[in-house]
2 protein chains.
Amino acid sequence: MIMIVIKIGGSEGTDYQQICADIAAHIKAGQQIIVVHGASHETNQLSLALNHPPEFLTSVSGHESRRTDRKTLEIFIMAVAGKINTLIVETLQQQGINAFGLTGCDGRLLMGERKKAIQAMIDGKRRIIRDDYTGKVENVNTKLLQILCDAGYTPVIAPIALSNEYEAINVDGDRAAAKIAGALQAQELIIFTNVPGLLKDVSQPDSLIMHIPKTNIERYMDIARGRMKKKILGASEAILEGVACVRLTSGKVQTPLSNALAGNCTVIQ
Amino acid sequence: MIMIVIKIGGSEGTDYQQICADIAAHIKAGQQIIVVHGASHETNQLSLALNHPPEFLTSVSGHESRRTDRKTLEIFIMAVAGKINTLIVETLQQQGINAFGLTGCDGRLLMGERKKAIQAMIDGKRRIIRDDYTGKVENVNTKLLQILCDAGYTPVIAPIALSNEYEAINVDGDRAAAKIAGALQAQELIIFTNVPGLLKDVSQPDSLIMHIPKTNIERYMDIARGRMKKKILGASEAILEGVACVRLTSGKVQTPLSNALAGNCTVIQ
């Protein structure tokens with residue numbers, strides 16, 4: 001049985017119905033799938049509606065992340081663990097898949113260190129932020145995932161982890177999926193995005209890079225722009241931990257999983 | 001090992017820190033506890049903030065329930081499965097308990113029938129409502145709860161069920177807790193509220209009814225007012241399914257669980 005970890009993005013226009021239908025078809029064909037998902041658009045919308053507009057920080061190394069004070073953390077939790085997680089579980093259940101939603105806090109599934117201080121560039125100036133609830137997954141409770149899979153459930157994971165002080169923290173979904181794929185020694189990590197993969201030139205959809213040799217990922221980091229940087233970072237972390245193949249692919253085609261497995265995407269192996 | 005199902009209310013001023021500390025102490029002392037919780041206050045607040053004010057329906061038999069159109073369902077899911085469930089899990093984890101949050105949709109934990117048509121009294125007139133996402137738990141996946149308990153996790157359950165058509169539905173938390181306690185043949189069902197128990201006269205806190213014989217619960221339904229009606233209904237359903245003892249008790253004292261187990265509440269057995 002092939003183990004596949006899939007990251008469903010949370011950007012505007014994500015068609016959960018279409019993605020879940022394709023995932024369900026593959027599970028019914030005998031593949032073991034674990035789903036990780038985001039909720040960026042939903043979190044932005046909810047933040048605006050609750051008069052706590054989203055803010056983003058750019059780290060000194062150029063990675064962008066959501067500024068997450070405690071109020072933002074609670075908004076993020078409502079969007080990602082409440083609405084999107086339950087929606088994906090409900091949609092998969094309607095497709096005949098016994099989905100099981102959880103966050104990294106449940107049963108200490110994902111543990112990691114909360115960033116005590118974030119150095120961010122704001123208006124060109126270096127600033128230190130100390131009350132942020134973000135961090136990085138360091139440990140995955142694979143035994144728990146194994147129990148759920150053995151019992152016939154399909155795990156659907158929201159990217160919230162528990163810090164070493166047992167606080168809920170916002171972790172990057174792509175990198176959490178990479179960590180989970182690595183811990184499970186999955187054969188495949190498939191990251192859905194709203195572009196066909198890594199593009200040489202973001203303005204040219206036909207400039208897709210179809211193959212990245214796994215010994216040479218870092219070189220491609222400079223080509224990546226915006227959110228794609230973290231996806232390349234996640235891909236390199238997964239490969240480093242032993243995942244055989246990572247695919248960066250469009251979630252917006254009709255059968256996105258089949259499309260990715262057919263190689264119509266950026267394949268890193 | 002005694003199995004206790006606890007329902008934590010979701011009304012304004014619920015002190016989750018205090019309740020969780022007492023629950024953690026009892027788990028450490030060897031009791032098996034399953035937590036079910038509400039989020040009524042949080043749902044009201046979020047509904048107001050999102051310009052979709054809460055509405056309540058009174059059934060012909062006098063029970064009150066939240067009017068739950070699809071938008072309200074999503075708000076309820078964000079409040080109960082997102083914010084409150086994660087908050088309780090986080091708080092228990094900080095107390096050293098390996099809590100595990102889930103909704104009734106996860107792994108088909110709670111299944112039931114969605115109400116196709118609700119007869120409600122509105123302004124003294126009978127009205128039929130057909131687009132409500134509410135229902136009643138009919139089946140509990142006890143095998144799933146057993147797997148979690150055997151693995152050392154403390155389940156924390158948000159009262160959302162899957163309908164027979166696999167839609168997420170809002171179910172009453174007290175009655176869901178009763179159904180879970182019955183399915184597990186728990187020794188104790190403890191329902192926390194913001195009053196000391198069933199009062200003969202709601203304006204007199206010292207009019208607490210300390211004992212209700214299990215053969216005679218229905219007679220007390222007429223004494224109950226507002227939300228207490230559903231708690232008495234839940235209690236009678238739990239007793240009918242074989243739960244040895246149900247306690248209706250205050251969640252607002254310092255050690256609410258110890259207080260209830262000491263008998264400072266309404267005991268139905």
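Letters go in sequence order (proteins before strands), and every chain restarts at 1.
- Of all the listed residues (A:L144, A:T86, A:I84, A:V89), the one sharing the greatest number of non-hydrogen pairs under 4.5 Å with chain B is A:L144.
- Between chain A and the residues B:K83, B:E167, B:Q93, B:E74, the most heavy-atom pairs under 4.5 angstrom are made by B:Q93.
- Only the side chain of B:L162 has a heavy atom closer than 4.5 Å to any heavy atom of chain A.
- Within a 6.0 Å sphere centred on CD1 of A:I2, heavy atoms belonging to other residues, nucleotides or ligands number 12 at most.
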Per-pair distances, 0.1 Å, donor-acceptor, side chain in residues 149-157 of chain A, under 3.5 Å, sequence neighbours excluded:
{"from": "A:D150", "atom 1": "OD1", "to": "A:Q146", "atom 2": "NE2", "distance (Å)": "3.3"}
{"from": "A:Y153", "atom 1": "OH", "to": "B:N141", "atom 2": "ND2", "distance (Å)": "3.2"}

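- In this structure, A:Q185 places its CD atom where more than 12 heavy-atom neighbours from other residues, nucleotides or ligands lie under 6.0 Å away.
- Within the model, atoms CG of A:L50 and CG of B:L46 stand 6.0 Å from one another, a figure rounded to the nearest 0.5 Å.
- Once rounded to the nearest 0.5 Å, the distance linking CD1 of A:I147 with CD1 of B:I147 reads 8.0 Å.
- Of all the heavy atoms in A:F100 and B:L102, the pair that sits closest is CZ-CD1, 3.7 Å.
- Other residues, nucleotides and ligands place no more than 12 heavy atoms under 6.0 Å from the CD atom of B:Q254.
- Few gaps surround CD on B:E138; more than 12 heavy atoms of other groups in view lie less than 6.0 Å from it.
- Contacts between B:A99 and chain A at a heavy-atom distance below 4.5 Å involve the backbone alone (N, CA, C, O).
- A distance of 12.0 Å separates SG of A:C105 from CG of B:L92, quoted to the nearest 0.5 Å.
- Applying the 6.0 Å contact sphere to NZ of B:K143 captures no more than 12 heavy atoms from other residues, nucleotides or ligands.
- Judged by distance alone, with hydrogens and angles left aside, the side-chain atoms of B:E90 form a donor-acceptor pair with the main-chain N or O of A:A168 at under 3.5 Å.
- With a 4.5 angstrom heavy-atom cutoff, B:I160 does not touch chain A via any of its atoms.
- Of all the listed residues (B:A158, B:A81, B:G101), the one sharing the greatest number of non-hydrogen pairs under 4.5 Å with chain A is B:G101.
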